[in-house]
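I have placed the structure first, in the form of structure tokens, so that the comments after it can refer back to it.
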Amino acid sequence: MGAAMRRIHVGNALSAFGLGFTVPYLYVYVAQVRGLGAMTAGLVLAVFAVAALIVLPFAGRTIVRRGPLPVLLVALVTAAIGALGLGLSSGAATVLLSATALGAGQAVMQPALATMIVDCSTMENRSRAFATQFFLQNLGLGVGGLIGGHLVDPTEAGSFTLLFAIEAVMFLLLVVVMATARMPRAPRLEGAPAQSAKGSWKQLLGNRAMVQLCVLGFVLFFACYGQFESGLSAYGVEAAGISTSALGTALAANTLVIVVAQFAVLRFVERRKRSRVIASVGLIWAVAWAVAGYAGLGNGSQTMATAAFISTYALFGLGEAMLSPTLAPLVADLSPTGMAGQYNSAFALVKQLALAVGPAVGGPLGASLHAPYIVIFLLFSLGITVLAARLGRQLTDVQNQPSAVRSRVVAQGGAAAGQASAHA
């Protein structure tokens with residue numbers, strides 16, 4: 001790793017650590033501690049998604065024009081202001097405004113950091129770089145949530161103010177870390193006429209492989225991340241009789257599997273076609289939904305149901321560990337020179353749409369229509385496998401399996417290696 005990449009990874013860990021302090025307790029803080037009610041708390045959570053959907057279409061073009069570092073610094077300062085505002089707000093209006101700032105800043109951080117990873121990596125080490133990012137994000141969220149849970153006191157508003165202040169400090173500390181980073185000069189489209197935002201989106205939509213990847217990404221995030229804290233948790237409580245403590249254990253098992261398995265899985269993933277890795281994740285998640293079906297619809301004991309439900313979250317974690325070194329590098333390899341920011345923002349927008357629609361659809365289904373809920377999302381998981389196979393036919397050899405192309409180039413050697421490299 002170069003110095004710039006080390007700073008990027010430190011930044012990912014710091015931002016995740018700060019978010020881990022507050023995200024699990026946001027609903028309780030707004031609804032109960034500030035006494036603003038469940039409606040306002042629900043609006044705050046919705047504002048995060050809406051703010052992201054508003055800013056992400058513009059973030060990509062700005063990253064392409066200005067570079068990812070200035071955009072990241074603005075996003076961090078905005079998020080810090082929003083976090084501190086949430087900690088000090090006592091009225092509904094100021095809480096919603098602060099949540100808007102925090103949500104917008106947090107959303108723009110993702111494509112900006114992803115583009116910086118692309119600029120600081122090569123095709124050879126990009127998968128490992130994104131796997132490290134995902135590992136540190138989950139580690140930071142887990143550690144932040146654990147420490148925050150010991151610091152917070154639901155009867156004392158000041159303890160929540162402290163949490164939000166710590167989150168703001170993490171963002172500002174990241175500003176200092178990244179502002180002094182010496183980033184490599186990113187490739188730009190030299191001599192090409194400046195494109196309008198409409199033109200750049202038209203170019204992206206003309207890339208069939210990228211469009212198919214976005215469709216696949218929507219299904220991935222809708223069928224997994226969009227269900228974690230909504231439909232799947234409601235199904236566990238209502239159908240499987242899972243206690244809140246067991247639900248927390250299931251979430252911890254998900255994070256633990258990611259942290260423990262990430263780099264072991266990376267070795268497996270790097271030697272295989274990306275489309276087949278994604279297809280395998282669909283099959284693993286189909287098994288996870290079948291296990292969840294046993295937990296809620298089977299006739300086993302409560303202990304067996306709880307163990308099955310925890311295993312469901314663990315299997316989801318295994319799939320996530322396989323996707324982290326696969327999806328983001330594939331987005332980068334599909335983007336034309338100098339357009340990584342636009343493509344990263346587009347994929348982040350797809351993710352936010354899935355995370356907004358997923359809970360709205362899965363929540364009511366998981367709480368009341370237990371059997372249809374399991375069947376529908378099991379079929380969605382199998383659909384991931386089908387979509388991944390179709391995507392594989394749109395990818396070139398170097399996009400689908402960079403390691404195999406490098407191996408052939410090295411094996412040929414000499415002038416033939418140079419020709420193969422140029423062709424790739």
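If you're wondering where the values come from, they're calculated on a predicted model, not measured in any experiment. Throughout, residue positions are numbered sequentially from 1 according to the sequence presented.
- The two residues Ala92 and Thr40 come nearest to each other via the heavy atoms CB-CG2, 4.1 Å.
- In this structure, Phe160 has its ring center at least 6.0 angstrom away from the ring center of Phe164.
- Within the structure, no pair that satisfies the side chain to side chain donor-acceptor pair (under 3.5 Å) test touches residues 41-52, not counting sequence neighbours.
- Arg126 is linked by a salt bridge (Lys or Arg N to Asp or Glu O under 4.0 Å) to Asp333, counting only residues two or more places apart in sequence or in another chain.
- Put simply, the side chain of Ile147 does not reach to within 4.5 Å of the side chain of Ile166, judged on heavy atoms.
- By the 4.5 Å heavy-atom criterion applied to side chains, Asn12 and Ile117 are counted as neighbours.
- The neighbour count for Arg276 CZ, taken as heavy atoms of other residues, nucleotides or ligands under 6.0 Å away, does not exceed 12.
- For the pair Gln262 and Ala321, the tightest heavy-atom approach, listed with the atom from each and the gap, is NE2-O, 2.9 Å.
- The side-chain heavy atoms of Leu387 and Gln212, taken from C-beta on, include no pair separated by under 4.5 Å.
- Counting only residues at least two apart or on different chains, no salt bridge (Lys or Arg N to Asp or Glu O under 4.0 Å) pair has a member in residues 353-366.
- Of all heavy-atom pairs spanning Ser345 and Ala59, the tightest one is OG-C, 3.7 Å.
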Which pairs would a plain distance check flag for residues 355-365, meaning a side-chain donor or acceptor within less than 3.5 Å of a matching protein atom at least two apart in sequence or in another chain?
none

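- Scanning for ring pair (Phe, Tyr, Trp, His ring centres under 6.0 Å) contacts around Phe377 gives Phe222, Trp289, Tyr373, Phe380, with sequence neighbours left out.
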Table please: side-chain donor-acceptor pairs of residues 100-114 below 3.5 Å, with sequence neighbours left out.
from: Thr100; atom 1: OG1; to: Leu96; atom 2: O; distance (Å): 2.8

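- Among pairs with a residue in residues 161-176, those fulfilling side chain to side chain donor-acceptor pair (under 3.5 Å) read Thr22-Glu167, at least two apart in sequence or across chains.
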Problem set entry | side-chain contact (heavy atoms from CB on, under 4.5 Å) assessment of Leu327 paired with Leu220 | CA-CA 11 Å; Leu327 285 180; Leu220 281 165; 3.9 Å; yes
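- Annotation: side chain to side chain contact (heavy atoms under 4.5 Å, CB included) contacts of Thr326 (sequence neighbours excluded): Val269, Arg274, Val277, Ile278.
- Side-chain contact between Leu205 and Met210 is absent, with no heavy atoms from C-beta onward closer than 4.5 Å.
- Residue pairs meeting the salt bridge (Lys or Arg N to Asp or Glu O under 4.0 Å) criterion with at least one partner in residues 320-330, sequence neighbours excluded, are absent.
- With sequence neighbours left out, Leu315 forms a side chain to side chain contact (heavy atoms under 4.5 Å, CB included) with Ile284, Val287, Ala288, Val291.
- For residues 254-279, the set of pairs meeting the ring pair (Phe, Tyr, Trp, His ring centres under 6.0 Å) definition, not counting sequence neighbours, comprises Phe135-Phe263.
- With contacts defined as side-chain heavy-atom distances shorter than 4.5 Å, the pair Val176/Leu172 does not qualify.
- For Phe58, the ring pair (Phe, Tyr, Trp, His ring centres under 6.0 Å) criterion is met by no residue, not counting sequence neighbours.
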